[in-house]
Amino acid sequence: MTQRVRVRFAPSPTGEPHVGNVRSALFNWLYARHTGGVFILRIEDTDQQREVEGATEAIIESLRWLGLEWDEGPGVGGPYGPYIQSQRLHHYQQAAERLVQQGSAYRCYCSTERLQSMREEQQRRHQPPGYDRRCRDLTPEAEREHQRQGVVPVVRFKTPLEGETVCHDFVRGEVRFENRLLDDFVLLKSDGFPTYHLANVVDDHHMEISHVMRADEWLSSTPRHLLLYRTLGYEPPIFVHLPIILGPDRSKLSKRHGATSALAYRDTGYLPDAMANYLALLGWALDDSTEIFARDELVRHFSLERIGQSPAVFNGEKLLWMNGVYLRQLPLEALADQLAPFIAPTIGQESLTPEGRAYLLRVLPLVQERIKTLAEGPELVSYFFVDGLSYETSDLLPKGVTREATANALMVALERLRRAATFDAIALEGVLRPLAEELGVKTGQLFGALRVATTGRTAAPPLFQTMEVLGRERCLARVERAIALLG
RNA sequence: GCCCCCAUCGUCUAGCGGCCCAGGACGCCACCCUUUCAAGGUGGAGACCAGGGGUUCGAAUCCCCUUGGGGGCACCA
């Protein structure tokens, strides 16, 4: 097997991809990059009913956001295109026709209503659901009669009645399925579109996919695919079924579990590298201790052998922590870039001017180790930019200190700040720390009052550094206003 | 109902027969640092390795059964 690795992510455009889908994409991408192979994006839009407008764009956006660029697929083309299944219908129709000719498939004229009632009947009698094969051995006459009546048939696969199909999965090992338990599944729908099974097999073959890496929920349809490969005379790929991702309630992750769309995480301020790092650890692990992987390390270390087999619960808390880790690692300039779109609405145009940018770069060291998502940006930086702080007057009062004493302390502090030779953190500390003693209050009490006065918050970055960044003018005005509030 | 998969702290996981009366991480608790909040540091609680049988001198690791969980059984992917 010296063949080049060719893997694919093949989503159907039925909505925004959620983290589970994106995890599959990531694993495929990682494997391609690790092996120097090819990563392909293929859109499986074979269900016209379920197709959601804008979904393909959402898929593309999600992959781009995560940095999972594809080597072949929509937008970039490639030698095996087109990469959108609705544009490849003739391939599937041809394959289906070939199977019918060769006696491995047949046209089925059963109505949806009949199939429906058949299924209900089977359920009632506790029989295994599945097509009853009524049309499997139709006489040419009967078939002509259906056609005369204008019934548009589907094409079904003639599943072997006996024997078993053995699937070799890279992570599960050998999995056996009895053929008699499989029914004659549809290959081509009456609208001329293929089902997933047909399209998937035909395309994976034509596109020379070497490894089919997909979520575990596909394991049970793998025997069908294998059967198709065999009857079509195709060489099957290596199957790699990834452990499924569960919600907190341990059921398959879905919209029901809250924010699961990849783009929702982008919009709430998660970094793509953090997301990729976290997702990589869902179903894969390098060793007993490495947790944080830069992108290139992920690529370097990723291997199929270390993919796990048990389902993993998506844990937002750990993602949040990891996002904080990445945020803290970011160079200031990069953090500013990432934060810009999030804080622009609250701090306005100022963020766009060179002065505003320079100011922001002075603010950021103070918030960097406190920020866990970019969406927290506005909350954390607003008071550096926006005047007219709103806070409870009571917040100004330290425990055990009266209103008068606080007002007085602030007035004295105001004077000292006004006269301070320089307005940097060291000078400010030199001025304010002795002041506490002089006034007979604890440093924490004085600093607390000043913190609320200057930031409007009881919790904020270190006071002196904050005041330095805010600047004398702003600080004086804010302390004055606090005194007014107390008076 | 039938088929398939899975099973180590609440969660993600390491462990592929002796190094494990089970290691790391998130979360939680305490302490330290400290002007608050974080970050960081230290420590702690937390898994009788789902249960029961085997195999073996020896099992979290191999086999079987049970139980539990999940997935799949469409002219959806």
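Sequence lines set the chain letters: A, B, ... in the order given, protein chains first and strands last, and positions in each chain run from 1.
Base pairing analysis places A50(B) opposite U66(B); the two distances defining the Watson-Crick or G-U wobble pair are each below 3.5 Å. In this structure, A45(B) forms no base pair with any nucleotide, since neither Watson-Crick nor G-U wobble geometry is met with both distances under 3.5 Å. A 3.5 Å limit on both hydrogen-bonding distances identifies no Watson-Crick or G-U partner for A38(B). Using the Watson-Crick or G-U wobble rule with both distances under 3.5 Å, C73(B) pairs with G1(B).
Distance CZ (Arg172(A)) to P (G70(B)): 16 Å, rounded to an integer number of Å. Computed from coordinates, the Asp191(A) CG to C75(B) P distance equals 12 Å when rounded to whole Å. Rounded to whole Å, atom P of U11(B) lies 18 Å from atom CE of Met322(A). Straight-line distance from the CD atom of Glu217(A) to the P atom of A74(B): 15 Å, rounded to whole Å. Here C2(B) presents its P atom at 14 Å from CD of Gln123(A), a figure rounded to the nearest Å. One interatomic measurement links the two molecules: CD of Gln49(A) to C1' of A77(B), which rounds to 13 Å at whole-angstrom precision. A77(B) atom C1' lies 14 Å from atom CD of Gln48(A), rounded to whole Å. If you take CG of Leu446(A) and C1' of U36(B), they are 13 Å apart, rounded to a whole angstrom.
In this model, a donor atom of one side chain and an acceptor atom of the other lie less than 3.5 Å apart for Tyr92(A) and Asp203(A).
The same atom, C1', is picked in C28(B) and in C12(B); the two are 16 Å apart, to the nearest Å. Between C9(B) and A47(B), the two C1' atoms lie 4 Å apart (nearest whole Å). Comparing A7(B) with A50(B), their C1' atoms are spaced 7 Å from each other, to the whole Å. Across U8(B) and A59(B), the matching C1' atoms stand 14 Å from one another, rounded to whole Å. Between the P atoms of G46(B) and G41(B), the separation comes to 23 Å (whole Å). Rounded to whole Å, the separation between the P atoms of C62(B) and C16(B) comes to 11 Å. The same atom, P, is picked in G54(B) and in G40(B); the two are 50 Å apart, to the nearest Å. For the P atoms, the distance linking G52(B) with A74(B) amounts to 39 Å, nearest Å.
Arg176(A) comes within 4.0 angstrom of the backbone, heavy atoms only, and of no base. At a threshold of 4.0 angstrom between heavy atoms, the contacts of Ala312(A) are confined to the sugar-phosphate backbone, with no base atom among them. Across all strands, Pro461(A) comes closer than 4.0 Å to base atoms (heavy-atom distances). Residue Phe177(A) is in sugar-phosphate contact alone, with no base atom involved, counting any heavy-atom pair closer than 4.0 Å across all strands shown. Lys372(A) comes within 4.0 angstrom of the backbone, heavy atoms only, and of no base. At the heavy-atom level, Leu219(A) lies under 4.0 Å from the strands shown only through sugar-phosphate atoms. Counting non-hydrogen atoms under 4.0 angstrom, Cys110(A) reaches a base of the nucleic acid. Arg50(A) comes within contact range of at least one nucleobase, with a heavy-atom separation under 4.0 Å. Residue Pro194(A) is in sugar-phosphate contact alone, with no base atom involved, counting any heavy-atom pair closer than 4.0 Å across all strands shown. Within the nucleic acid shown, Pro129(A) comes within 4.0 Å of at least one base atom, counting heavy atoms only. Across all strands, Thr46(A) comes closer than 4.0 Å only to sugar-phosphate atoms, never to a base (heavy-atom distances).
Distances shown here put every side-chain N or O of Arg457(A) at or beyond 4.0 Å from the OP1 or OP2 atom of C37(B). Considering only side-chain N and O atoms, Lys252(A) lies nowhere under 4.0 angstrom from the phosphate OP1 or OP2 of C5(B). Residue Arg214(A) has no polar side-chain atom (N or O) positioned under 4.0 Å from OP1 or OP2 of A77(B). The phosphate of C76(B) (OP1 or OP2) has a side-chain N or O of Lys189(A) nearer than 4.0 angstrom.
Side-chain proximity of Thr195(A) to the nucleotides A77(B), A7(B), G70(B) is greatest for A77(B). Listed nucleotides: G23(B), U36(B), A77(B). Nearest to the side chain of Pro462(A): U36(B). When distances run from any side-chain atom of Ser310(A) to the nucleotides A25(B), A7(B), C75(B), the shortest one goes to A7(B). Checking A39(B), C6(B), C5(B) against every side-chain atom of Asp216(A), the shortest atom distance belongs to C5(B). Side-chain proximity of Asp288(A) to the nucleotides A39(B), C2(B), G23(B) is greatest for G23(B). When distances run from any side-chain atom of Arg306(A) to the nucleotides A77(B), G15(B), A38(B), the shortest one goes to G15(B). When each of U13(B), A77(B), C3(B) is scored by its nearest atom to the side-chain atoms of Asp47(A), the top-ranked nucleotide is A77(B). Checking C26(B), C12(B), C75(B) against every side-chain atom of Leu115(A), the shortest atom distance belongs to C75(B). Side-chain atoms of Arg119(A) lie closest to C75(B) of the nucleotides C4(B), C75(B), G24(B). Listed nucleotides C73(B), A14(B), C75(B) differ in distance to Val154(A); the shortest reach to its side chain belongs to C75(B).
When atom types are taken as modelled, the side chain of Asp169(A) and the backbone of His241(A) share a donor-acceptor pair closer than 3.5 angstrom.
You'll find the ring centres of Phe314(A) and Tyr278(A) inside the 6.0 Å limit. A ring-centre distance under 6.0 Å is found for Phe302(A) and Trp284(A). The distance between the ring centers of Tyr196(A) and His225(A) falls below 6.0 angstrom.
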Reading nucleotides 61-68 of chain B from the 5' end, what letters show protein touch, with B for base, S for backbone sugar-phosphate only, - for no heavy atom under 4.0 Å?
--------

Show your working on side-chain hydrogen bond (donor to acceptor under 3.5 Å, both in side chains) between Ser382(A) and Arg457(A) and close with a plain yes or no.
CA-CA 11 Å; Ser382(A) 66; Arg457(A) 310 289 164 86; 3.0 Å; yes

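Applying the 6.0 Å contact sphere to CD of Gln149(A) captures more than 12 heavy atoms from other residues, nucleotides or ligands. Summarising the local packing, CZ of Arg114(A) is surrounded by more than 12 heavy atoms from other residues, nucleotides or ligands at distances under 6.0 Å. Atom CD of Glu57(A) sits in a crowded spot, with more than 12 heavy atoms from other residues, nucleotides or ligands closer than 6.0 Å.
Paired with Asp184(A) under the rule salt bridge (Lys or Arg N to Asp or Glu O under 4.0 Å), one option of Arg133(A), Arg156(A), Arg224(A) passes, and it is Arg133(A).
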Let me have the donor-acceptor pairs involving side chains of residues 393-402 of chain A, under 3.5 Å, with sequence neighbours excluded, atom names and distances please.
residue   : atom : partner   : partner atom : Å
Thr402(A) : OG1  : Ala405(A) : N            : 3.1

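If Thr112(A) and Gly448(A) are placed on RNA chain B by their nearest nucleotide, the residue sitting closer to the 5' end is Gly448(A). Between Ser190(A) and Gly283(A), the residue anchored nearer the 5' end of RNA chain B, judged by the nucleotide with its closest heavy atom, is Gly283(A).
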